[in-house]
Structure formats: C-alpha cells, structure tokens
Asker: 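Quick one: the structure is below, questions incoming.
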Amino acid sequence: MKSHRLTCMKFPVILIAIVILLLAACSPQDAVIGTASPDITGPSTPTPSPTPLPSASETARVAPTAKLPPSITPGPEPTYNGAKLYDKPVSGKINIGIVPTALRVWPRHYYVPNEVQQKELLDLVKGASNRSGHYCVITIAYGGEEWYVEKGTALFEYAFDLARNSCGGITLINPADICELTSAQMNYTIRDEKGVQMIDDPDQLWYLAQRLSSATELDSGTKCPFNEALLTLTRKDGRQIIIRLATDSCAVYFHDGQYFDYGGSNEDVLMMFDEARWPSYYDE
C-alpha cells in the first residue's frame with residue numbers, strides 16, 4: 001500500500017517536469033545561435049552610399065589657351081613684349097623702325113639689335129640695293145639716314161625677323177587670315193572718351209570677316225587717323241589679329257606697318273560698334 005502511494009506521488013512530479021521542459025522548448029531565447037535580438041526601435045534607415053568624387057580629368061577643366069594682346073609698358077622708352085623701344089634712332093647704331101599696332105600708328109618706334117646682330121645687319125646694309133622707292137613695313141635708320149627696306153630683300157627678311165623674334169607680336173598678315181571669327185573687341189579712344197565694345201553675334205562676325213578679308217594691301221601709307229579704333233579679332237583657332245581702323249570715311253585698316261584697303265565707305269564697319277561716337281559720322 002505504501003509503495004503504491006509513493007508511485008502515485010511521483011507521477012504528478014514527472015508530469016510537471018515534462019510540462020516545464022515543453023514550455024522551455026517553445027519559448028524564444030536570445031541565446032540561440034544565429035538568431036538576432038528583436039528590433040524594438042522600428043525599421044532602420046539605410047545609410048546612403050557616399051557619392052564618388054570626380055576624377056582628376058573631370059575636375060581639371062582648363063579653359064582653352066588664348067593668345068593675349070602684346071604686353072606693353074608705356075613711357076618715353078616703352079617696352080613691347082619685353083623689348084626696349086626708342087622714340088628716336090640711337091646714334092651710332094643700326095636701328096630698325098617698326099610701328100606695332102598695339103602701341104600707336106605714328107610716329108614709329110625704333111628697336112636696336114644687339115652687337116652680334118649689328119654686325120650682321122651692317123654687312124647687309126652695305127650689300128646689294130635694299131632701299132625701297134615707296135612705303136614699306138619697316139625702315140633702317142643708320143648714319144644719319146633712314147629709308148624704307150624693300151620687301152623680299154635679304155635685309156628686310158633679316159631685320160623683320162629680328163623685330164618679330166625680339167618684340168614678339170610684330171607680324172605680317174594676309175587679309176584672308178581674317179576668318180572664322182568668334183569675337184571682335186573694339187577699344188576706342190575719341191577725345192576724352194574711352195570705351196570697349198564686344199561683338200560675338202555670328203552673323204555680324206561673318207559680315208565683318210567678309211569685309212575685312214576682301215581687302216588689298218597698299219604699297220603706300222595713308223594719312224588717315226588710326227589711333228582711335230583698336231580692333232582685336234579672335235579666330236576659332238584662338239589666334240588674335242590686332243588691327244586699327246581708319247576713323248575718317250576711308251575703308252582702310254592698319255597692322256604692324258601694313259595698310260589694307262577694304263573698299264567703299266567704312267561706315268558699315270565702324271557703326272557695328274555703335275557705342276562709340278565716331279567723329280566722321282556724329283560730328284556736324
């Protein structure tokens with residue numbers, strides 16, 4: 001009887017233990033490997049990926065190189081792109097007379113080559129005839145004389161190259177060089193009035209190029225006023241051509257000692273730059 005009672009007492013204990021084990025097996029536990037703790041803060045906001053930095057080729061955007069106007073230091077003895085110029089010929093030296101467009105048209109300036117170049121020039125000066133009977137781009141001043149140097153002679157080629165290489169920007173142009181313009185900048189000085197006007201309209205630039213490129217070179221100078229209108233023409237390839245327009249009624253322009261006639265009246269060209277009160281068309 002006692003043995004049966006003990007057996008009956010063990011059964012509930014065993015049953016309770018089984019129930020406890022079953023409950024434990026069904027309850028979620030954080031300690032289970034591979035199971036994360038529940039998120040009690042709500043869904044997380046994904047962190048955006050950082051925007052990649054642009055490459056060096058994308059950031060290094062360099063503007064196309066443009067040719068700059070000549071560097072000028074004004075004064076009684078100005079420098080033109082670093083070369084010293086004189087208002088009068090230097091005594092005892094061979095002087096090359098030049099008329100850089102960016103400085104002024106008259107009077108001319110004089111460049112004095114170095115001693116080695118002086119000897120080369122002296123041989124050419126004393127050589128074959130090189131004096132022109134009419135106006136030419138450069139002069140030689142030596143021994144109290146000054147004369148125009150005939151184009152195509154050895155003296156002209158050597159002297160002009162010296163001036164071009166030393167003064168920089170001294171060039172010969174062909175009217176056909178004025179083409180495919182991207183801008184035209186007018187620097188005008190009329191009495192006490194100074195100003196700048198830019199044209200970049202394609203139709204106006206096309207017309208301007210057509211007019212100026214049709215010019216013919218003159219074999220003589222003119223007495224037209226050129227110091228009021230300095231025009232810088234920029235081409236598609238970046239090259240700049242600096243000319244001076246006559247501001248009377250003559251259709252003539254000037255470049256580094258060359259004169260060009262583009263025919264007819266210059267009113268249509270000057271009045272493209274209508275911010276300036278050109279004396280020939282506004283004065284009574």
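It should be emphasised that the depicted structure is a prediction, and the values quoted were computed from it without experimental measurement.
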Asker: Does M271 belong to the same Ile/Leu/Val/Met/Phe/Trp/Tyr cluster as Y262, with side-chain heavy atoms less than 4.5 Å apart forming each link?
Answerer: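 In one cluster: yes.
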Asker: Distance alone, cut at 3.5 Å: any donor-acceptor contact between the side chains of D261 and T216?
Answerer: no
Asker: I'd like to check the side-chain hydrogen bond (donor to acceptor under 3.5 Å, both in side chains) partners of W147; sequence neighbours left out, ordered by chain and number.
Answerer: N130
Asker: Residues in side chain to side chain contact (heavy atoms under 4.5 Å, CB included) with N114, at least two apart?
Answerer: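 By the side chain to side chain contact (heavy atoms under 4.5 Å, CB included) rule, N114 matches V116, Q117.
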Asker: Could you tell me how the ring of F254 sits relative to the ring of F226: parallel (under 30°), tilted (30 to 60°) or perpendicular (over 60°)?
Answerer: tilted
Asker: One pair to check against side chain to side chain contact (heavy atoms under 4.5 Å, CB included): T247 and Y188. What are the steps and the verdict?
Answerer: CA-CA 10 Å; T247 51; Y188 57 88; over 6 Å; no
Asker: Please set out all donor-acceptor pairs under 3.5 angstrom arising from side-chain atoms of residues 178-187, sequence neighbours excluded.
Answerer:
from : atom 1 : to   : atom 2 : distance (Å)
T182 : OG1    : T234 : O      : 3.2
Q185 : NE2    : N187 : OD1    : 3.0

Asker: How would you list all residue pairs meeting salt bridge (Lys or Arg N to Asp or Glu O under 4.0 Å) that involve residues 201-215, not counting sequence neighbours?
Answerer: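 Output for this query lists R211-D268.
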Asker: I'd like to know if the side chain of Y281 pairs up with that of S265 as donor and acceptor (distance under 3.5 Å, no hydrogens or angles considered).
Answerer: yes
Asker: Please identify each residue that fulfils ring-ring contact (aromatic ring centres under 6.0 Å, His included) with Y110, with sequence neighbours left out.
Answerer: none
Asker: May I ask you to check whether Q240 and T232 show a side-chain donor-acceptor distance below 3.5 Å?
Answerer: no
Asker: Going by the salt bridge (Lys or Arg N to Asp or Glu O under 4.0 Å) test, which pairs reach into residues 214-226, not counting sequence neighbours?
Answerer: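 Sorted pair list: K151-E217.
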Asker: Side-chain heavy atoms under 4.5 angstrom apart, residues restricted to Ile, Leu, Val, Met, Phe, Trp, Tyr: same cluster for I190 and M198?
Answerer: no
Asker: Working note: I199 + L208, criterion side chain to side chain contact (heavy atoms under 4.5 Å, CB included); need CA distance, chi angles, decisive distance, verdict.
Answerer: CA-CA 10 Å; I199 290 177; L208 181 62; 5.6 Å; no
